[in-house]
**Q** 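Here it is: the structure, laid out below.
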Amino acid sequence: MTEQTQIQTQQSWPFREAERIAARLQAKGKSEALFETGYGPSGLPHIGTFSEVARTSWVRRAFGELTGLPSRLLAFSDDMDGLRKVPDNVPNREMLRAFIGRPLTKVPDPFGTHESFGAHNNARLRAFLDSFGFSYEFASSSDYYSSGRFDDALLHVLARHKEIVDIIRPTLGPERRATYSPILPIHPRSGIVMQVPIERVDVEQGSVTWTDPETGTRYETAVTGGAAKLQWKADWAMRWYALDVDYEMSGKDLIDSVKLSSAIVRALGAEPPVCLTYELFLDDQGQKISKSKGNGLSVEQWLDYAPPESLAQFMYHAPQRAKRLFFDVIPRAADDYINNVAALRDAEDPRANPAWHIHTDGVPQVAGSPIGFGMLLNLASVINADSPEMLWGFIRAYIPSASPETSPLLARLVNYAIAYNRDFVAPAKRYRAPTALEQAALGDLATRLGQPLGDIPGETEAERLQNLVYAVGKEHKFTPLKAWFDCLYQVLLGQNEGPRFGGFIALYGVARTIALIQTALSRRQDAA
RNA sequence: GAGCCUGUAGCUCAGUGGUAGAGCAUUCGACUUUUAAUCGAAUGGCCGUGGGUUCGACCCCCACCGGGCUCACCA
């Protein structure tokens, strides 16, 4: 290892992880690494899905840089798991009820668009991953089981059945302890994934014997070819063993599962993969984010208000520390990213910079923005921007060279800032009702805005409008004159401070400004 | 019961074995026809407590105190 890679190792966690994987491969004599990410049957992709694949991709890329060895990323869907309950957020729930307990790939698609519910969820997962451009290979548990790819491993599990039961049994409650087996036969008639006591294990035949509790019928079921599947922790372990997985990360809620599955893999005679446990995301109250509670922030919500790079930036930083994930963290994440991209240009060690990792395929030539996102949000709020043109008008006044062509990221940020302002800042504004004096002055201003500027001095339209505003304030004898501007901001824009008003009118439009005044005046009448 | 995270400026948080950092907030100043974004500066910290390792600890180790989460059914 070179001196430089040691620096990287210290400074960026993906390289630290890559180093652990490199050590594992060396010990095993492997020349290709397999990364895995897993997806539960409950299904729809969420922010945790993004974080897991993004982080795994970063480690994978670091591994390639570090060792020069090839690797694969397997996105593995547990689509053979039984349907446990009917989800709340799907149509045809009545229909689904009849299929509870069957593997998801044997349940009809309630949306009617795919050949099974499992296939539907898989398609959504892939579309989600593809939308971010992740590089991965998709794997279906049902396919792997039924095609026989797991057969050798399943027979091996059967041969070690007792050891595996002994590992898991102490962790179970008294009820499950009595009847536990890692083998779940699929009922030959109903197709249901059976959780039943296993009466006999026949290693020679590769089968298990069990009794249907409903009918009392005894069945002997092969463990291979998709006639049976494994219970969760044994399933994970078997998959690691069968595919020789080198790396997988998971949330801290799965710490016990990782320990148990690792013990099972060792019982099977192999070494578990390198594992990383990451901390969970919390909402603004410090509660765990869960889809069922609907707290926290969704990927879609984040992407409404900031670019994907900012989400990646948030996910990059310190995976093993608990972080709060709610709207307020978005601007900072965006600015962190912008700063990192800027710092990348003359970084001594670019690999220590999150932006280097975030852009897995290389940092674009035109990355970065001359204006930070926080400042942009502030500006959008101050001028009450409701269109990109308005915001660009103010930006150009200070950075004449700025344009969507030269700074594509800024162009995107402008749109995000408008959305953020519209949804979070604007609704919180409090518009004060005008006093009688202000009412008269505002009415006068509206009238005179409707007439040609004529004798009003000034070289540009913005200056003439500014002078008009100034003149109206003086004529109505506001003292100090600042009170007139306070009135404009508080009554028209719902804030205590604002932009130079002439420039505002010029960009916002004279007609729209008149309408703004009339709205404010009518609000006065409503209140009275 | 087991495990994990966390305690740094008023707030939200970065941080590295070698003189404490950012953003926001506050105060002052510049620009401005007495109004904004902006720009400059200042104020502000026994880095939870007590031990230990070290020439040197916010950082590493131990204990304690405080805050919080997760798992103990299924996956």
**Q** B:G18 and B:C4: how far apart are their C1' atoms, nearest whole angstrom?
**A**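 About 32 Å, rounded to a whole number of Å.
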**Q** Where the side chain of A:Glu279 is concerned, which of B:U34, B:C5, B:A36 is the nearest nucleotide?
**A** B:C5
**Q** Can you tell me the distance, in whole Å, between the CG atom of A:Asp335 and the P atom of B:C13?
**A** 17 Å
**Q** Cation over ring, A:Arg512 on A:Tyr508, under 6.0 Å and within 45°?
**A**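 Yes, A:Arg512 lies over the aromatic ring of A:Tyr508.
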**Q** Taking the P atom of each, how far is B:C58 from B:G67, in whole Å?
**A** 25 Å
**Q** Starting at atom CG of A:Leu280, determine the distance to atom P of B:C71, rounded to an integer number of angstrom.
**A** 8 Å
**Q** In whole angstroms, how far is the P atom of B:C13 from the CG atom of A:Leu325?
**A** 13 Å
**Q** Which nucleotide, B:C39, B:G3, B:U70, lies nearest any side-chain atom of A:Met375?
**A** B:C39
**Q** A:Lys482 side chain: which of B:C5, B:U34, B:A75 is closest?
**A** B:U34
**Q** Please name the nucleotide paired to B:A41 by Watson-Crick or G-U wobble geometry with both distances under 3.5 Å, or report none.
**A** B:U27
**Q** Please give the distance between the C1' atoms of B:C39 and B:C5 as a whole number of Å.
**A**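 Pairwise C1' distance, B:C39 against B:C5, rounds to 40 Å.
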**Q** So what does A:Gln466 hit on the nucleic acid, given a heavy-atom distance under 4.0 Å: a base, only sugar-phosphate, or nothing?
**A** base
**Q** Cation over ring, A:Arg55 on A:Tyr316, under 6.0 Å and within 45°?
**A** no
**Q** If B:G18 has a Watson-Crick or G-U wobble mate with both distances under 3.5 Å, name it; if not, just say none.
**A** B:C55
**Q** Does A:Gln320 have a side-chain nitrogen or oxygen under 4.0 Å from the phosphate oxygens OP1 or OP2 of B:C5?
**A**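 No, no such contact exists.
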**Q** Which whole number of Å gives the distance between the P atom of B:A30 and that of B:C69?
**A**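 B:A30 and B:C69 have their P atoms separated by 50 Å.
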**Q** Using the C1' atoms only, state how far B:C11 lies from B:C61, rounded to an integer number of Å.
**A**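 B:C61 and B:C11 have their C1' atoms separated by 33 Å.
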**Q** Pick the closest RNA chain B nucleotide for A:Asp81 and for A:Ala318 by heavy atoms, then say which residue is nearer the 5' end.
**A**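 The residue mapped nearer the 5' terminus is A:Ala318.
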**Q** Would you mind telling me which of B:A75, B:A36, B:C39 lies closest to the side-chain atoms of A:Arg500?
**A** B:A36
**Q** Of the options A:Arg432, A:Gln490, A:His476, which is the one that meets A:Glu438 in a side-chain hydrogen bond (donor to acceptor under 3.5 Å, both in side chains)?
**A**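 Answer after filtering A:Arg432, A:Gln490, A:His476: A:Arg432.
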**Q** Taking the six-membered ring of A:Phe76, is NZ or CZ of A:Arg239 closer than 6.0 Å to its centre and within 45° of its axis?
**A** yes
**Q** Check the distance between B:G15's P and A:Asn353's CG and give it to me in whole angstrom.
**A** 14 Å
**Q** For A:Phe314 and B:U12, give me the distance from atom CZ to atom P, rounded to whole Å.
**A**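 For the pair A:Phe314 CZ and B:U12 P, the rounded distance is 15 Å.
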**Q** Using atom C1' of each nucleotide, how far apart are B:U27 and B:U19 to the nearest Å?
**A** 27 Å
**Q** Counting any heavy atom closer than 4.0 Å, what does A:Leu488 reach on the DNA or RNA strands: base, sugar-phosphate only, or nothing?
**A** nothing
**Q** Classify the nucleic acid contact of A:Arg321 as base, sugar-phosphate or nothing, counting any heavy atom under 4.0 Å across all strands shown.
**A** sugar-phosphate
**Q** Tell which nucleotide pairs with B:C64, taking only Watson-Crick or G-U wobble pairs whose two distances are both under 3.5 angstrom.
**A**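 By the stated definition (distances under 3.5 Å), B:G48 pairs with B:C64.
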**Q** Tell me the interatomic distance from A:Ile371, atom CD1, to B:G23, atom P, rounded to whole angstroms.
**A**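 A:Ile371 atom CD1 is separated from B:G23 atom P by 17 Å.
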**Q** Taking the six-membered ring of A:Tyr180, is the NZ or CZ of A:Arg169 close enough (under 6.0 Å from the centre) and on axis enough (within 45°)?
**A** no
**Q** Tell me: NZ of A:Lys85 to P of B:A75, nearest whole Å?
**A** 14 Å
**Q** Could you tell me whether A:Phe394 and A:Phe504 have their ring centroids closer than 6.0 angstrom?
**A**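 Judged by ring-centre distance (under 6.0 Å), A:Phe394 and A:Phe504 do not meet the cut-off.
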**Q** Whether the side chain of A:Lys252 and the base of B:C69 hold a donor-acceptor pair under 3.5 Å is what I'd like checked.
**A** yes
**Q** Between A:Phe99 and A:Lys106, is there a cation-pi geometry (under 6.0 Å to ring centre, at most 45° from the normal)?
**A** no
**Q** Please report, rounded to the nearest Å, how far the C1' atom of B:C11 is from the CZ atom of A:Arg324.
**A** 12 Å
**Q** Expressed in whole Å, how much space separates the P atoms belonging to B:C47 and B:A57?
**A** 13 Å
**Q** I want to verify a distance call: between B:U34, B:G15, B:A36, whose nearest atom is closest to the A:His317 side chain?
**A**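 Comparing B:U34, B:G15, B:A36 against the side chain of A:His317, the answer is B:G15.
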**Q** The side chain of A:Ile255 lies closest to which of these nucleotides: B:G3, B:A36, B:A75?
**A** B:G3
**Q** With rounding to the closest Å, how many angstrom separate the C1' atoms on B:G44 and B:U26?
**A** 9 Å
**Q** Using heavy atoms to find the nearest nucleotide of RNA chain B for A:Arg332 and A:Tyr470 separately, return the residue whose nucleotide is more 5′.
**A** A:Arg332
**Q** Considering every strand shown, what is the Watson-Crick or G-U wobble mate of B:C71 when both distances are under 3.5 Å?
**A** B:G1
